[in-house]
Protein chains: 2
Amino acid sequence: MFDSAVTVDLVVLTIRRDALSVLLVKRGAPPYAGRWALPGGFVGAAEDLPDAAVRELREETGVHETAGHLEQLASYGAPDRDPRGRVVTIGYLALLADLPVPQAGTDAAEAAWHRLSDVDRDRLAFDHERILADGVERARAKLEYSPLAAAFCPAEFTIGALREVYEAVWGTALDPRNFHRKVTTTPGFVVPTGRWTTGERGRPAQLYRRGPATLLHPPMLRPA
Amino acid sequence: MFDSAVTVDLVVLTIRRDALSVLLVKRGAPPYAGRWALPGGFVGAAEDLPDAAVRELREETGVHETAGHLEQLASYGAPDRDPRGRVVTIGYLALLADLPVPQAGTDAAEAAWHRLSDVDRDRLAFDHERILADGVERARAKLEYSPLAAAFCPAEFTIGALREVYEAVWGTALDPRNFHRKVTTTPGFVVPTGRWTTGERGRPAQLYRRGPATLLHPPMLRPA
DNA sequence: TATATTCTCGTCATACCGACGATAACCGCC
DNA sequence: GGCGGTTATCGTCGGTATGACGAGAATATA
C-alpha cells in the first residue's frame, strides 16, 4: 500500500472543416515543458472523478458539458509514466460540436485544435499518445452502435452534416443515399424538425434533432 | 493536488451449472467486516495496474490469467466511497472457465462463487454493487461483437456449450439450429478439432477451439 | 426395441444492405 | 430566363443475414 497522485486527462474531439481534431495544450512547466499534451489536471481532494473531468473541460475549453458528450475512457498507471513520481490518471473522452475557441488554462501556455492527421504522436507528453489512440478508437467504435455522432453536431443538423461526421471519424466515404435511408429509418436516431436549411449549396435539406435512442438497432457498420 | 490510495477490484465471472456467477470474498476486517465484496487489493508501489489485477486474480483464485480473459473495466473515485479515506479503485473484468475452486486470500475470511441472481446487492461492501453491475453489462455487450464467450469455456468445447454461455449471460433462450449456423459460419469464431464428445446425452457433438477472430462480423445480436 | 435427447443440415420468408438510377430543389453564371 | 453544378431525397434490384421451423442422424437409457 502506498499513495499516488490522481489526475484526469481529456481526449477532446471535434470536427473542424471535415477533419477529426483533438484539443491539445502546450505545457509551460516541466516535465515535458514546451511539448503538446492532453488537457487535464489533478483531482481535488473532495472531488469525484467525473466532476474533475467536467471542471477541466470547462477550464480548458470554456464549454459546458451539456452540449456534447463526456464519458470515462480508461485508466493509466504505469509506475514510470510521470517523472515526478507515481501518478495514476483517469482518461476521459469528450465529443464536442464545432469550434468552441480554445482558451489556455492556468497551467498551460497555449491551447489549440490539431487535426488528428497532423499530430506528431511521438512528441506528446507522458503516455498521452496511447491515451489519444484509445480515445480515437473508442469514438470510432461508438459511432457504430450508438447515436453519438450527433454529439459532434449542433442541436439541429442535416443528414449530410451527420454523414460528414462519420466520414471524418472513420476516414472513409459513405454513400449519401444509403446513409440517408439508414439514419432516417433507424428508430430514435434522429427526429425531423420540419424546418429546412436555406442559403447552402444544392437542394435545401431538412433539419433534424437527436432522437431518444441510446443504442442503434441494428448498428451502423463501417465498410470492410 | 493530494494523494490517494489506489486499489484494483475484480469482477470475476464464470458459468456454473448454467448460471452466471461471480466470485465474492467475505471481508474479515473493517470496514464492512463480514460483508461480501469483490476480490481486490492495493496496487504495489512499483506495480502497473494490469500487473496488480493479474496478481490479485492469482492470489484470490489460484488461476493463471492465460486461461480466460482479463480487461480493464472502469475507475471509481467518489470521495466518500471508502470510510478509511480517499481510495480510487480500478475495476477489472475477468471471464474464466468453469470451476477453479476459490481459495481465500490473506485478507479475506472466505471466498465463494455466487449465482448472480442470488447476490444480495444491497449487502455488498463499498460501491461494489455498481462495479459488479458495470462488469456484467460489459460482459453482456461484449458477447455481441467479440468471440469472448469462449473464454467461459475450456480449451475444447461444443457449440451447445457455447450456446449455454450466451443463454446464461444474456438470460434468454436461443434457437440451437440458428446459433449453430451463426457460429460455424462466422469466420474465425471457432475452428473444428475433428474430435467428438462421447458419453454425453444425445448425439455426439464435434469439439471446437477458439478461432483467431477478435471481432465478430457481423455481430451476434441478442434477441429483442 | 422404443423413446428421449441432442446435434446437424435444410428450407423459406423477411429484413437489411451495398450499388446505383432518377428526380427534386436549390445555387451561380451567362 | 436558361443552363450547368451541387446536394437532398426517393426507388429499385440483387445478394446476404436472420428468425422460425421441419427433418433426419446418432447417441444413451429404459
Side-chain angles (χ1 to χ4, degrees), chain A residues 17-18 143-145 147 153 156-168 170 172-209 213 215-224, chain B residues 17-18 143-145 147 153 156-168 170 172-209 213 215-224:
Chain A
R17 290 189 305 261
D18 290 344
L143 290 208
E144 288 199 318
Y145 58 91
C153 297
E156 299 194 353
F157 51 89
T158 66
I159 303 294
L162 192 63
R163 175 171 47 81
E164 285 166 3
V165 168
Y166 274 90
E167 292 179 333
W170 285 350
T172 66
L174 300 175
D175 184 278
R177 298 156 291 187
N178 292 336
F179 183 86
H180 189 280
R181 177 183 59 190
K182 172 70 180 168
V183 169
T184 53
T185 62
T186 298
F189 195 173
V190 297
V191 295
T193 64
R195 300 177 38 216
W196 272 261
T197 57
T198 59
E200 307 286 321
R201 310 204 324 177
R203 174 177 170 179
Q206 186 164 188
L207 290 166
Y208 292 79
R209 263 194 220 97
L215 243 35
L216 302 185
H217 282 302
M220 170 106 54
L221 294 175
R222 3 182 184 183
Chain B
R17 288 190 304 262
D18 289 345
L143 290 209
E144 288 200 318
Y145 58 88
C153 297
E156 300 196 350
F157 52 88
T158 67
I159 304 294
L162 193 62
R163 176 171 48 81
E164 285 165 5
V165 168
Y166 275 90
E167 293 179 332
W170 285 349
T172 66
L174 300 175
D175 184 277
R177 296 156 293 187
N178 291 336
F179 183 86
H180 189 279
R181 175 183 61 192
K182 172 69 178 169
V183 169
T184 53
T185 62
T186 298
F189 194 173
V190 296
V191 295
T193 65
R195 300 178 37 218
W196 273 260
T197 58
T198 58
E200 307 285 320
R201 306 202 326 177
R203 174 176 168 180
Q206 188 166 186
L207 289 166
Y208 291 80
R209 267 198 215 92
L215 243 35
L216 302 185
H217 282 300
M220 170 106 54
L221 294 176
R222 1 180 187 185

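Per chain, numbering begins at 1; letters A, B, ... match sequence-line order.
For Arg181(A) and dG11(D), a side-chain-to-base donor-acceptor distance below 3.5 Å is absent, hydrogens and geometry of angles not being considered.
Taking atom CH2 of Trp196(A) as the reference point, atom C1' of dT9(D) lies 11 Å away to the nearest angstrom. Distance His180(A) NE2 to dG18(C) P: 16 Å, rounded to the nearest Å. In this entry the distance linking CG of Asn178(A) with C1' of dT9(D) reads 12 Å, nearest Å. The CZ-C1' distance, from Phe179(A) to dA8(D), rounds to 13 Å in whole Å. Put simply, CD1 on Ile159(A) is 22 Å from P on dT6(D), counting in whole angstrom units. Straight-line distance from the CG atom of Asp175(A) to the C1' atom of dG21(C): 11 Å, rounded to whole Å.
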Report, as a single string ordered 5' to 3', how protein heavy atoms within less than 4.0 Å touch nucleotides 23-30 of chain D: B base, S sugar-phosphate only, - not at all. BBBBBS--
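Contacts between residues 215-224 of chain B and DNA chain D, counted as heavy-atom distances below 4.0 Å, involve Pro218(B), Pro219(B).
Under a 3.5 Å cut-off, the side chain of Thr158(B) and the backbone N or O of Ala161(B) do form a donor-acceptor pair.
Among all heavy-atom pairs drawn from Arg163(B) and Leu174(B), the shortest one is CD-O, 3.9 Å. Taking each heavy atom of Asp18(A) and Ala168(A) in turn, the nearest pair found is O-CB, 3.5 Å.
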Grab the N/O contacts between the protein and nucleotides 1-3 of chain D below 3.5 Å, and write none if there aren't any.
none

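Taking the side-chain hydrogen bond (donor to acceptor under 3.5 Å, both in side chains) definition, one finds that Arg177(B) meets it with Asp175(B), sequence neighbours left out. Remark: Tyr166(A) pairs with Trp170(A), Phe179(A) by the ring pair (Phe, Tyr, Trp, His ring centres under 6.0 Å) rule, at least two apart or across chains. Pro192(B) pairs by the side chain to side chain contact (heavy atoms under 4.5 Å, CB included) definition with Gln206(B), Tyr208(B), not counting sequence neighbours. Qualifying side chain to side chain contact (heavy atoms under 4.5 Å, CB included) partners for Arg203(B), counting only residues two or more places apart in sequence or in other chains: none. Scanning for side-chain hydrogen bond (donor to acceptor under 3.5 Å, both in side chains) contacts around Arg201(A) gives an empty result, with sequence neighbours left out. Scanning for side-chain hydrogen bond (donor to acceptor under 3.5 Å, both in side chains) contacts around Glu144(A) gives Arg222(A), with sequence neighbours left out.
When the nearest nucleotides of DNA chain D are assigned to Gln206(A) and Lys182(B) by heavy-atom distance, the more 5′-ward of the two goes with Gln206(A).
Between the SG atom of Cys153(B) and the CD atom of Glu164(B) there is a distance of 9.0 Å, given to the nearest 0.5 Å.
Within the structure, the side chain to side chain donor-acceptor pair (under 3.5 Å) test picks out the following pairs touching residues 189-199 of chain A (sequence neighbours left out): Glu156(A)-Arg195(A).
Here the nucleotide nearest the side chain of Ala205(A), chosen from dC21(D), dC17(C), dT9(D), is dT9(D).
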